[in-house]
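For reference, the structure discussed in these notes is given below.
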Amino acid sequence: MLPNARVCLYPRDPAEAVRVMVEHGKRALVMAGGTTTAMSKDPGFDTLIDLTRMGCDRIELVGGEWRIGCNVRLHDLGVHPGIRKLWSGVLSDAARAVGSRPLRNAITLGGNVVGLFRWSDTPVALLAMDAVFDLVGPDGTRSLEADAFFARHPRQVMQAGELLAGVRIASDDPHGCGAFCKYARTEVDLAVVDVAACLQIDEQGRCSKARIAVGGTRAVPWRAEQAEKKLLGSKLTRRTIESAAATAKQEGKVLSDVRTDRDYRERMIEVIAGRTIERAAASCKERG
Amino acid sequence: MEIHVKVNDKPVTWNVSPGEKLLDVLRRDGYLSVKFGCGEGDCGACTVLVDGRAMRACLLLAGQVEGRAITTVEALGTPDAPHPLQTAFVECGAVQCGYCTPGMLLAAYALLRENPKPSEEDVREALDGNLCRCTGYKKIIEAVLLAAERMGRS
Ligand SMILES: Cc1cc2nc3c(=O)[nH]c(=O)nc-3n(C[C@H](O)[C@H](O)[C@H](O)COP(=O)(O)OP(=O)(O)OC[C@H]3O[C@@H](n4cnc5c(N)ncnc54)[C@H](O)[C@@H]3O)c2cc1C
Ligand code: FES
Ligand code: FES
């Protein structure tokens with residue numbers, strides 16, 4: 001319950017949303033699915049801005065890339081046939097790993113990404129997939145690559161009045177495949193560790209591109225770059241994968257919390273990274 | 001602010017603060033099947049359908065549902081003419097204290113409309129956001145599968 005909210009605005013496109021966000025500034029609560037924002041009791045908000053009617057709710061394949069609007073609900077992302085094939089379904093698996101079905105019916109991709117928590121699932125997949133983030137703001141539009149977008153919390157990277165209109169992902173390379181694994185105490189709990197892996201293999205069966213993204217362990221998801229280097233040029237044997245997973249464990253600055261302490265989380269990075277890379281490698285081999 | 005919705009197919013205009021929880025507005029309006037459990041999206045007692053999809057009424061503000069169609073369990077059946085899901089819940093012993101039941105029924109109802117022949121796994125996934133502290137879930141799942149089978153036959 002927001003005690004002082006008087007009006008709710010429904011911008012019809014991103015440009016109008018930016019206009020009303022700038023006009024109302026800190027007095028407006030900007031909402032998408034509402035699964036975090038509806039919990040607010042802040043008396044400072046007199047206006048709600050509902051972003052879900054901007055027409056950004058499509059998943060489209062345009063000129064060799066997938067475009068996913070910010071308002072796409074995670075359930076729809078999780079079951080979309082094209083997204084389930086893209087990098088072996090890394091992003092759809094991450095979407096399906098979020099909370100429970102009624103939450104996935106409500107949560108939007110934009111809300112899951114911009115309202116990033118340590119345990120948010122889809123950002124990990126987007127980082128591994130080299131997604132591009134399209135922003136619209138008072139000074140116009142700009143696009144950021146995943147590494148830049150997740151260099152800090154998206155709210156620190158985005159300017160006041162700026163919104164995420166959607167993300168773009170290059171459509172699958174025939175030799176590209178991936179996997180996503182979430183480790184949590186129960187099926188519907190928050191991640192202790194998330195790992196997404198996207199791999200490409202060349203004609204000789206050697207790894208020519210590797211992206212290993214880890215979530216759940218610090219404020220923003222991060223790439224295990226040393227682990228990626230171990231995989232490059234290799235034939236993705238069990239030994240290489242184990243060595244890459246052990247490297248990933250060394251790379252993370254890992255936090256403790258009420259669910260899991262630091263030491264256990266570090267060990268789980270190794271276990272889950274190993275499992276994820278192995279699954280990605282197996283789907284590469286299946287494709288041949 | 002005026003909020004225009006349909007509740008159980010009936011057009012309704014609420015004169016409420018857009019920042020009020022949908023859960024509170026519905027209960028005040030007499031839709032007492034919508035329960036308050038945790039208030040934070042964990043339990044599913046407050047489940048309603050918004051445009052046919054199961055959502056948390058405790059995580060929606062009134063302003064967010066402008067123009068939407070809301071379904072509560074009041075629309076499903078009556079004591080004299082229960083919905084096949086309700087009959088199956090009673091027959092299978094899927095109801096004990098009953099606090100979770102409206103949410104379970106709506107989540108199951110949304111599933112059967114989307115997928116009339118669900119597998120047990122589909123039922124488990126559709127109900128993964130609804131907690132029951134009494135029954136242990138087995139009978140609830142049996143009830144949904146039984147209702148699906150009967151609805152498929154009729
Ligand atoms: C019980 C529970 C369990 C959960 N479990 C998980 C889980 O396992 N994994 C997981 O990843 N998430 C989980 N979540 C979801 C997560 O915590 C957030 O609630 C969710 O990601 C917010 O998305 P939303 O669409 O509901 O956005 P809102 O709650 O409406 O908004 C969140 C933030 O994002 C901003 N925002 C939204 N869209 C845009 C946009 N397009 N541009 C700019 N800013 C925008 C809003 O202003 C706000 O600051 C869970 C939530 C609950 C309540
Ligand atoms: S009261 Fe809404 S999920 Fe528990
Ligand atoms: S019957 Fe009591 S909570 Fe489910």
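- Within the 4.5 angstrom heavy-atom criterion, no atom of B:T47 approaches chain A.
- Taking CG from A:D46 and OG from B:S17, the interatomic distance works out to 10.5 Å, rounded to the nearest 0.5 Å.
- Contact annotation: the side chain of B:Q64 never approaches that of A:T52 to less than 4.5 Å [non-hydrogen atoms, C-beta and beyond].
- Side-chain contact check for A:T37 versus B:L59: every heavy-atom pair is 4.5 Å or farther apart.
- In this structure, the separation between CD on B:E20 and CE on A:M1 is 4.5 Å, given to the nearest 0.5 Å.
- At a threshold of 4.0 Å, the pair B:E125-A:R104 counts as salt-bridged, since one of the basic side-chain nitrogens sits closer than that to a carboxylate oxygen.
- The shortest non-hydrogen separation linking B:P18 to A:A5 is CD-O, 3.6 Å.
- Within 6.0 Å of atom NZ in B:K139, 12 or fewer heavy atoms from other residues, nucleotides or ligands are found, so the atom counts as exposed in its surroundings.
- Using a 4.5 Å cut-off between heavy atoms, A:D50 touches chain B through its side chain atoms alone.
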> Can you check salt bridge (charged side-chain N to carboxylate O under 4.0 Å, His left out) on A:R101 and B:E114, steps first, answer last?
Replying inline: CA-CA 13 Å; A:R101 171 73 199 265; B:E114 176 183 287; 2.9 Å; yes
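- Taking A:S40, A:P3, A:G33 one by one and counting their heavy-atom pairs under 4.5 Å with chain B, the maximum is reached by A:G33.
- In terms of heavy-atom pairs under 4.5 angstrom with chain A, the leader among B:G129, B:A54, B:G44, B:A110 is B:A54.
- B:M1 has its side chain out of reach of A:R6: every pair of non-hydrogen atoms, C-beta onward, lies at least 4.5 Å apart.
- Residue A:Y10 touches chain B through its side chain alone, counting heavy-atom pairs closer than 4.5 Å.
- Between A:S100 and B:R56, the closest side-chain pair of non-hydrogen atoms falls below 4.5 Å.
- The local environment of CG in B:N15 is crowded, with over 12 non-hydrogen atoms from other residues, nucleotides or ligands closer than 6.0 Å.
- Expressed to the nearest 0.5 Å, how far CG of B:L60 lies from OG1 of A:T35 amounts to 9.5 Å.
- Put simply, of A:N105, A:L103, A:V188, the one with the most heavy-atom pairs under 4.5 Å next to chain B is A:N105.
- Note on A:R73, A:R53, A:E187: by heavy-atom pairs under 4.5 Å with chain B, the leading option is A:R53.
- At least one side-chain heavy atom of A:P102 sits less than 4.5 Å from a side-chain heavy atom of B:D128.
- With a 4.5 angstrom heavy-atom cutoff, B:A126 touches chain A only via backbone atoms.
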